[in-house]
2 protein chains.
Amino acid sequence: MELEKVRPKSGRAVKMTDIARIAGVSSSTVSRALADHPTIPEATRNTIQALAREHGYVVNRAARNLRQSQTQTIAVAVPLGHEREQLISDPFFLRLFGHLADEISQRRYDILLVREPSPDAHWLGRLVQSQRADGFIIVGQSDQHQALNLAARDYRPLVVFGSELPDQIYCSVGSDNFEGGRLATDHLLRSGRRRILFLGPAELPQIDLRLDGYRQAIGDHGLSVDESFVLPAHFTGPSAHDAVRDLLARGVEFDGIFAASDGIALSAIRALESAGMRCPDDISVVGFDDSDLASQSHPALTTIRQDVPGIAATIVDHLFRRLEGEGTYSSTLPVSLILRESAPG
Amino acid sequence: MELEKVRPKSGRAVKMTDIARIAGVSSSTVSRALADHPTIPEATRNTIQALAREHGYVVNRAARNLRQSQTQTIAVAVPLGHEREQLISDPFFLRLFGHLADEISQRRYDILLVREPSPDAHWLGRLVQSQRADGFIIVGQSDQHQALNLAARDYRPLVVFGSELPDQIYCSVGSDNFEGGRLATDHLLRSGRRRILFLGPAELPQIDLRLDGYRQAIGDHGLSVDESFVLPAHFTGPSAHDAVRDLLARGVEFDGIFAASDGIALSAIRALESAGMRCPDDISVVGFDDSDLASQSHPALTTIRQDVPGIAATIVDHLFRRLEGEGTYSSTLPVSLILRESAPG
DNA sequence: GCGGTTTACGCAATCGATTGCGCAGTTGTC
DNA sequence: GACAACTGCGCAATCGATTGCGTAAACCGC
């Protein structure tokens, strides 16, 4: 019944001049009235707003964006430089994304998800120039550290989820990955484990820091790192499972695993179980993230909790401060060790 | 080093007329050259494209959108009519969203995530009119069935994730919820269970169909439904846990649970365990979705698998067919029973 | 009742790319 | 050599809202 109003007989969308004509004013006045501009008397404003509502008029965002050079939109971009094939299905990313989306939409901005298909050195520059969004959140440094530095020089509202790196000029927000790695490994060592694997994609800066923490903890306990215990593994797919299986097949002995994500940890535990080993009786395992899986899996995972809601809030807070022209420093958020069955205290 | 080119000394963004001036042609020619328009000879096209690349020029999307009245963007909207407070953090939604995003970005469209804060009857009309996207995917019918019908009359590229409802005129894609409910309940009955709870938010159309399947299966087995066994429960929060706990406290006897999601199922199992009951020994539980949790939890969940990648692909396929002007019918995708520990065969 | 201020609103330029139409200049045809 | 067809490209209108500036009318004080 209301349909005629939403889209009048002509089939043409209602535009501002239509409302202006009906109201007997100019489109300038309509524009100002809808924007609650104080130079338009309240009575007129109300009339026009009522008329607009009645006729189902909504400002054309494309036109507004062009004129104002702003879009009320934040872009969330995922550089998949290192794993071009990977889909946007990593549970940790999705969880972070959900919280980011909540924070952003609370501030009445829209969220544009961009998956850049060809991450050459200029993808970010191109993205920024395309004027599709007012601000940018880059999830994960991947191998794009230099591209990020490049884009950030040319100041822009841009915040990166990731670690603080030495020569970094962009603003990043992330967990204390080093401390997470140290805590996890220290816990394994304190519970008597001595031969501890590291499992994860250490080519990613955030993961590399977790590995540094692992090394630190081992050093602190007066031991030295066996480099053959540092194994590459991807977040998804069978690589973690296969790595552990192969190690066991070769008869290598170890009694603990620090995995760079909960998914990797679970995958490793499955490999242990297939080989007749038991977790935590024979081998303790510590994960990372404290995803939903960690608490529900069997055995429940001891893991390093990342404060995802806090990270999202901080990223968005920094970004909006930057949109206001303020400068912001990078932030590192604390992590905590969550004790469960896979590596008991 | 390339920075100067990305954003020249003036601080002003490079625009098409700049490239035109440098190339010694008009902006019309630049526009056509960049669009690979055949009336521009290939030599000229290459020169101009090279120049544009060299100067880091990218078309201003706001201007293009306005002129062309299209945005190369698909909006994914989540009506949260029924649970206004709920955040976008439901794992099932996020998983579906990830797959949708993959499908859409493969087609070189951007993804706009919209969370409508005030779902009155016209939110969809407003969204459509705002010209922010060329097509729309609505995730979940929630309580917006009529609003969807309203918007769909006025033909538009719009596909809804949800069930086919009787008086529906919009295009929907979803799982066979009825069959899922029937399968789950039938399985419990076949394994000897007789007093089976239903747990879920039956006010949602998709869930209501699962409930219908539950009723059907019970009827098929010559039994009748005890309405006090149909209990409301939300996807998140403690409602499922509390409902089961209260039932046990009141001494109500039952031997099976069909939960409308894996999350609800796990929550129920926790409640059983706290009360000293054991799953599946005392009470069998079947979930819905086959989320990551289902296979990893303890006990591993018997559940109804929804084909999330297939659903996403179908939604996007329908949507793009509609963008081309084709009509599409609603689709219902098959589900399957996945046997695990919580309700063994 | 007059200068000065304020109020209320319209004119027209503007954002930057796209595109229908048309015009030179070139090639082709008989 | 004259006319037609074609090629390559530019002019200027257009998309729809926003906004700086200007002005007519209303108001105000004395």
Side-chain angles (χ1 to χ4, degrees), chain A residues 7-8 10-49 51-52 55-73 126 128-132 134, chain B residues 7-8 10-49 51-52 55-73 126 128-132 134:
Chain A
R7 187 164 279 260
S10 63
R12 194 176 45 81
V14 186
K15 47 190 188 180
M16 195 173 270
T17 52
D18 297 329
I19 303 298
R21 194 168 11 76
I22 297 168
V25 296
S26 75
S27 68
S28 321
T29 303
V30 175
S31 174
R32 284 190 263 252
L34 294 179
D36 270 327
H37 205 289
T39 70
I40 307 293
E42 203 172 322
T44 316
R45 260 188 282 167
N46 291 339
T47 316
I48 295 179
Q49 287 175 8
L51 227 45
H55 289 263
Y57 171 74
V58 190
V59 292
N60 180 318
R61 289 289 286 265
R64 173 191 291 202
N65 291 350
L66 174 59
R67 179 60 228 248
Q68 299 194 136
S69 304
Q70 60 129 312
T71 58
Q72 286 274 317
T73 299
R126 276 203 307 274
V128 164
Q129 283 237 336
S130 71
Q131 312 252 337
R132 278 180 291 189
D134 301 338
Chain B
R7 187 163 279 260
S10 63
R12 192 176 47 78
V14 185
K15 45 190 192 181
M16 195 171 269
T17 52
D18 296 330
I19 303 297
R21 195 168 12 77
I22 298 169
V25 296
S26 76
S27 68
S28 320
T29 304
V30 176
S31 174
R32 285 190 262 251
L34 294 179
D36 271 326
H37 205 287
T39 70
I40 307 292
E42 203 172 322
T44 316
R45 260 189 281 169
N46 290 338
T47 316
I48 293 178
Q49 287 175 8
L51 226 46
H55 290 262
Y57 171 74
V58 191
V59 291
N60 181 317
R61 288 290 285 266
R64 171 189 292 199
N65 291 349
L66 174 59
R67 180 61 229 249
Q68 301 194 135
S69 303
Q70 61 130 310
T71 57
Q72 286 274 316
T73 300
R126 277 204 307 274
V128 164
Q129 283 238 335
S130 71
Q131 313 251 336
R132 279 180 291 190
D134 302 338

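Letters A, B, ... mirror the listed sequences (proteins, then strands); counts begin at 1. Everything quoted here is computed from the prediction, not taken from an experiment.
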Side-chain N or O of A:Ser31 versus OP1/OP2 of D:dT18: is the shortest distance under 4.0 Å?
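Yes, such a contact exists.
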Tell me which of B:Pro41 and A:Ser27 sits closer to the 5' end of DNA chain D, going by the nucleotide each one is nearest to.
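Per heavy-atom nearest nucleotide, the more 5' residue is B:Pro41.
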Selection from [options] that lies nearest to any side-chain heavy atom of [X]:
X       : options                : result
A:Thr44 : C:dC9, D:dG10, C:dC15  : C:dC9
A:Arg32 : D:dG10, C:dT18, D:dC21 : D:dC21
A:Leu66 : D:dC9, C:dC15, C:dA17  : C:dC15
A:Ser28 : C:dC11, C:dC9, C:dG16  : C:dC11
A:Lys15 : D:dG16, D:dT18, C:dA17 : D:dG16

Between B:Gln129 and A:Gly56, what is the shortest heavy-atom contact and its length?
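Heavy-atom minimum between the residues: OE1-O, 3.1 Å.
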Side-chain contact test, heavy atoms from C-beta onward, threshold under 4.5 Å: evaluate it for B:Ile19 versus B:His55 and give yes or no.
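A side-chain contact exists here, since the closest heavy-atom pair is under 4.5 Å.
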Heavy-atom side-chain proximity of B:Asp36 to B:Gln49 below 4.5 angstrom
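B:Asp36 vs B:Gln49: side chains touch.
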Got a donor-acceptor pair under 3.5 Å from the side chain of B:Arg64 to the base of C:dT18?
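Not at all, since no donor on one side and acceptor on the other fall under 3.5 Å apart.
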Could you tell me whether B:Val25 contacts a base, only the sugar-phosphate backbone, or nothing, with contacts defined as non-hydrogen atoms closer than 4.0 Å?
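Here B:Val25 touches the backbone only, sparing every base.
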